[in-house]
Undergrad: 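Quick one: the structure is below, questions incoming.
Chain identifiers are assigned alphabetically (A, B, ...) following the order of the sequence lines, protein sequences preceding nucleic acid strands; residue numbering begins at 1 within each chain.
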Number of protein chains: 4
Amino acid sequence: MSELRVKRDPEGTRRRILEAATEQFTKFGLAGARVDAIATAAGTNERMLYYYFTSKEGLYVAVLEAMYGKFAERESSVDLTGLPPAEAIRQLAQSIWTYLRENPQWLSLINNENLHEGRYLERSSTMRETISPVVDLLRTILQRGTATGEFREGIDPLDFYVTLVGMGYYIVSNRYTLEAFTGRNYADHVRQKTISTMHVDMLLSYLRPADNRA
Amino acid sequence: MSELRVKRDPEGTRRRILEAATEQFTKFGLAGARVDAIATAAGTNERMLYYYFTSKEGLYVAVLEAMYGKFAERESSVDLTGLPPAEAIRQLAQSIWTYLRENPQWLSLINNENLHEGRYLERSSTMRETISPVVDLLRTILQRGTATGEFREGIDPLDFYVTLVGMGYYIVSNRYTLEAFTGRNYADHVRQKTISTMHVDMLLSYLRPADNRA
Amino acid sequence: MSELRVKRDPEGTRRRILEAATEQFTKFGLAGARVDAIATAAGTNERMLYYYFTSKEGLYVAVLEAMYGKFAERESSVDLTGLPPAEAIRQLAQSIWTYLRENPQWLSLINNENLHEGRYLERSSTMRETISPVVDLLRTILQRGTATGEFREGIDPLDFYVTLVGMGYYIVSNRYTLEAFTGRNYADHVRQKTISTMHVDMLLSYLRPADNRA
Amino acid sequence: MSELRVKRDPEGTRRRILEAATEQFTKFGLAGARVDAIATAAGTNERMLYYYFTSKEGLYVAVLEAMYGKFAERESSVDLTGLPPAEAIRQLAQSIWTYLRENPQWLSLINNENLHEGRYLERSSTMRETISPVVDLLRTILQRGTATGEFREGIDPLDFYVTLVGMGYYIVSNRYTLEAFTGRNYADHVRQKTISTMHVDMLLSYLRPADNRA
DNA sequence: TATGAATGAGCATTCATTCAT
DNA sequence: GATGAATGAATGCTCATTCAT
């Protein structure tokens with residue numbers, strides 16, 4: 001018999017709570033989110049939230065972990081084999097920046113975590129492995145570029161990765177204050193394209209060997 | 001009659017409330033900060049907070065404005081006249097990055113504002129003028145560099161400024177999550193020096209004209 | 001098929017719930033005890049508690065009844081035949097006081113019942129018969145003592161019994177507040193022996209006929 | 001201007017909360033009492049309860065302390081100078097028992113404290129001094145009696161006091177369960193008179209010297 | 001018999017804010 | 001200007017209990 005409202009649906013209930021919580025936490029932060037708003041949005045009652053996640057903080061950690069999961073999944077799915085080094089860098093950067101642009105709530109969560117000095121992130125243990133595949137990929141690209149003489153030697157892949165991510169992160173995360181300060185709307189498509197071109201140029205001109213310059 | 005405790009000190013009370021509020025808002029955000037904690041920390045009672053700032057939000061806006069004021073003051077005090085263009089860029093970057101490093105609470109406030117989609121920032125109207133002197137300064141430096149042939153043409157000063165700030169912003173603001181993800185402590189002095197060297201190199205190699213490269 | 005965990009054990013489950021409930025109710029009272037704590041301590045789930053005992057109150061009554069059962073069993077097992085009256089009184093008193101000392105949770109339950117004005121006790125009808133054998137025994141002893149001239153006439157056995165029990169009850173039930181008020185630890189063995197000697201003396205000197213005194 | 005409802009009355013509000021709390025705690029115990037019921041009964045709101053007493057437990061302790069205060073006041077007001085020793089004992093006992101009879105809520109509180117193993121009583125520091133005046137008084141009476149040869153030697157005043165109090169305490173505190181068990185209503189005036197006569201007789205016959213007996 | 005899932009009312013407590021002096 | 005007293009609406013969380021399997 002088909003029913004509109006499924007009465008018993010543990011997995012569904014859990015999932016709906018997690019989705020609702022993700023939205024509330026990204027919108028209002030840990031302190032600002034309200035458990036009753038989460039329960040209502042999830043179509044259940046507050047009690048179930050505690051049944052599945054023990055506490056508001058427990059739910060917050062679960063949201064963080066679910067987010068990391070999706071992020072890691074996506075990061076490891078990029079395929080850049082066979083591309084010339086510079087082009088690989090370009091595409092890797094675009095891929096990461098696109099992800100950040102499309103998932104601003106993810107950045108809100110990260111910012112919230114930094115407000116809490118990473119307290120809740122520490123509880124989860126698999127963060128480091130999340131990004132290592134991308135950094136490995138980047139390392140390979142840099143090595144290929146150095147081998148062909150296109151890139152200079154001695155580039156630290158992790159610092160380079162952090163810089164690359166930061167470029168995209170900053171303009172997405174700070175889009176509202178940037179508009180107030182600069183008068184420019186960096187959420188705008190054209191604006192984003194312009195500045196990301198600058199960023200790619202910057203990354204690549206930095207990689208170019210000194211001999212090639214003078 | 002002489003008393004140990006000065007009862008009436010309007011300016012002092014106002015200032016102490018503002019200082020206490022700054023600390024609480026930067027630590028816990030708008031939602032997380034507690035008015036009674038602010039009052040206690042300021043050595044006064046909650047009522048005075050409403051007397052001077054109307055509401056919690058009003059106090060929050062006042063904190064934002066006070067912060068902008070200090071930031072603007074500092075930004076306009078840099079003197080780079082007489083320096084060769086590349087050196088001027090280097091010193092400007094270092095100056096800004098040092099400020100960010102030394103004022104992480106300022107970044108917390110900005111992040112909080114972005115969480116609120118810049119709602120409270122809009123109320124204050126003088127934001128844009130805050131950064132324009134620095135951007136003007138940067139524009140002059142870029143023009144000087146272009147004139148001497150050191151820098152390429154057609155660089156957008158504002159986008160360049162945003163990129164430069166973002167580089168410093170990201171590693172300070174995200175220091176906690178970066179440590180969880182990368183295993184590196186970017187709050188560390190040596191680490192910060194290393195990556196800021198990379199950033200300056202990146203900015204300058206981007207500015208170098210194409211003719212100079214091939 | 002043999003399994004390590006026996007799944008079905010109705011009597012065991014019922015018993016374990018009752019034991020866990022006894023502990024929780026004596027520790028925290030009816031209002032303070034938590035059904036989920038009882039279920040957990042009994043190694044089952046809350047639902048079974050309702051299956052066997054209908055409600056929290058039903059379980060509470062069941063605990064009361066089980067306690068009475070044990071108490072009655074014990075009370076009727078004292079054998080004092082053949083002892084001289086005074087010695088019989090002495091041994092009866094010691095027997096009762098020892099029981100009280102060894103079952104302070106029983107006193108907690110009784111106190112709880114008095115807090116509820118005996119509401120739940122009334123439901124059980126066999127209370128009165130519980131103590132009547134002991135009172136009968138006491139009546140016989142008193143009659144024997146009167147016959148030999150050792151005890152005076154006209155002693156009410158029930159009032160005497162109540163007084164005797166009260167002496168032991170008070171110092172066990174109130175051991176914590178007594179320590180706070182008097183500085184003496186009446187839970188201490190030596191202390192208990194001293195005061196119970198006083199109590200026995202008191203009971204016996206009361207029983208002694210007036211003629212014997214002057 | 002005369003108003004029915006006094007708007008500002010800090011002392012009154014505090015007092016009314018304390019009175020309402022006393023009633024609720026004595027009726028339902030610490031766990032069973034409800035803060036909103038207390039607030040309503042006090043004609044104020046829950047917030048004020050926390051304003052004046054910090055927490056439910058804080059209020060509970062305040063109730064305990066207020067009760068002790070009244071008890072101590074009363075205890076120290078008995079005047080027995082000039083009475084013959086036996087009469088003094090009789091009147092002291094009656095005075096204490098009357099107090100217990102008239103303040104059964106006080107006994108409920110004490111029982112509750114014993115359920116909590118005296119946890120909250122410990123916080124208050126002046127308990128011991130509360131009863132010492134009465135014990136001193138008792139000691140004097142006993143000494144006077146010994147001097148005249150009416151009382152035997154070597155009576156411990158504190159143990160004697162504890163026994164005396166216990167006699168009255170038990171039949172008041174356990175009046176409901178006693179009725180269920182014995183069928184007698186010890187709250188009844190006649191009943192109480194009968195048994196307290198027994199108790200006084202018991203105390204006095206215990207005090208009488210051995211020489212006087214045989 | 002047994003158990004995981006679900007519920008709604010109620011819980012102690014805290015919140016930002018306002019009143020009266 | 002300054003302060004203690006007062007408020008009502010939340011807030012996160014727990015309660016005893018019932019439903020569905």
Undergrad: What's the CG-P distance between B:L59 and E:dT17, to the nearest Å?
TA: 10 Å
Undergrad: Under a 3.5 Å threshold, yes or no: a donor from one side chain and an acceptor from the other, between A:Y176 and B:E113?
TA: no
Undergrad: So what does A:A33 hit on the nucleic acid, given a heavy-atom distance under 4.0 Å: a base, only sugar-phosphate, or nothing?
TA: sugar-phosphate
Undergrad: E:dA16 P sits how many Å from B:Y60 OH, rounded?
TA: 15 Å
Undergrad: With a cut-off of less than 4.0 Å, is there a side-chain N or O of B:T44 near OP1 or OP2 of F:dT3?
TA: yes
Undergrad: In whole Å, I'd like the distance from the CD1 atom of D:I17 to the P atom of E:dT13.
TA: 14 Å
Undergrad: Of B:S55 and D:L30, whose nearest nucleotide on DNA chain E comes first from the 5' end?
TA: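 Comparing both residues, the 5'-ward one is D:L30.
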Undergrad: Should B:T13 be listed as having a side-chain N or O under 4.0 Å from OP1 or OP2 of F:dA2?
TA: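 The answer is yes; a side-chain N or O of B:T13 sits under 4.0 Å from OP1 or OP2.
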Undergrad: How close or far is atom C1' of F:dA2 from atom CG of B:L49, stated in whole angstroms?
TA: 13 Å
Undergrad: When you get a sec, tell me which of F:dC13, E:dA5, E:dT14 is the closest nucleotide to the side chain of A:E46?
TA: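 Looking only at heavy atoms from C-beta outward on A:E46, the closest nucleotide is F:dC13.
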Undergrad: When you measure from the side chain of B:R34 to the backbone N and O of B:A31, does any donor-acceptor pair fall under 3.5 Å?
TA: yes
Undergrad: Among the candidates E:dA5, E:dT17, F:dC19, find the nucleotide nearest to the side-chain atoms of A:M48.
TA: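 Of the candidates, E:dA5 comes closest.
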Undergrad: Let me spell it out: for each of D:P10 and C:T54, pick the nucleotide of DNA chain F with the closest heavy atom. Which residue's pick is nearer the 5' end?
TA: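 Checking each residue's closest nucleotide, the 5'-ward one belongs to D:P10.
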Undergrad: In whole angstroms, how far is the C1' atom of E:dA12 from the CZ atom of D:F28?
TA: 17 Å
Undergrad: Could you check how far CZ of B:R16 sits from P of F:dA2, rounded to whole Å?
TA: 9 Å
Undergrad: State whether C:Y52 places a side-chain N or O below 4.0 Å from either non-bridging phosphate oxygen (OP1 or OP2) of E:dA2.
TA: yes
Undergrad: How about B:R14 and B:F53: do any of their side-chain heavy atoms sit closer than 4.5 Å?
TA: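 Of all side-chain heavy-atom pairs linking B:F53 with B:R14, at least one is under 4.5 Å.
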Undergrad: Answer whether the closest heavy-atom distance between the side chains of A:N111 and B:L115 falls below 4.5 Å.
TA: no
Undergrad: Would you mind telling me which of F:dG12, E:dA16, F:dA5 lies closest to the side-chain atoms of B:K56?
TA: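 Comparing F:dG12, E:dA16, F:dA5 against the side chain of B:K56, the answer is E:dA16.
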Undergrad: Would you find a donor on one side and an acceptor on the other, under 3.5 Å apart, between the side chain of C:T54 and the backbone of C:Y50?
TA: no
Undergrad: Quick check on DNA chain F: between A:D36 and D:Y51, whose nearest nucleotide comes earlier from the 5' end?
TA: D:Y51
Undergrad: Decide whether A:Y60 and A:N112 meet the rule of one side-chain donor and one side-chain acceptor closer than 3.5 Å.
TA: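 Judged by distance alone, the side chains do pair up.
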Undergrad: May I ask you to test the B:I38-B:L49 pair for a side-chain heavy-atom distance under 4.5 Å?
TA: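 In contact.
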Undergrad: Please determine whether a side-chain nitrogen or oxygen atom of A:R34 lies at a distance below 4.0 Å from atom OP1 or OP2 of F:dT11.
TA: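 Checking F:dT11 against A:R34, a side-chain N or O does come within under 4.0 Å of OP1 or OP2.
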Undergrad: So what is the 5' to 3' dot-bracket string for DNA chain F, if pairs are Watson-Crick or G-U wobble with both distances under 3.5 Å, crossing pairs use [ ] and | means the partner sits on another strand?
TA: .||||||||||||||||||||
Undergrad: Within the structure, does a side-chain N or O atom of A:N45 lie under 4.0 Å from either OP1 or OP2 of E:dT7?
TA: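 A:N45 to E:dT7 OP1/OP2: side-chain N or O found under 4.0 Å.
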Undergrad: Check for a donor-acceptor pair, side chain of B:K56 on one end and backbone N or O of B:L30 on the other, with a separation under 3.5 Å.
TA: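 Checked: pair present.
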Undergrad: Roughly how many Å is it from CD in C:Q24 to C1' in F:dA16, rounded to a whole number?
TA: 15 Å
Undergrad: Between atom OH in A:Y50 and atom C1' in E:dC11, what is the gap in whole Å?
TA: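 Taking OH of A:Y50 and C1' of E:dC11, I get 12 Å after rounding.
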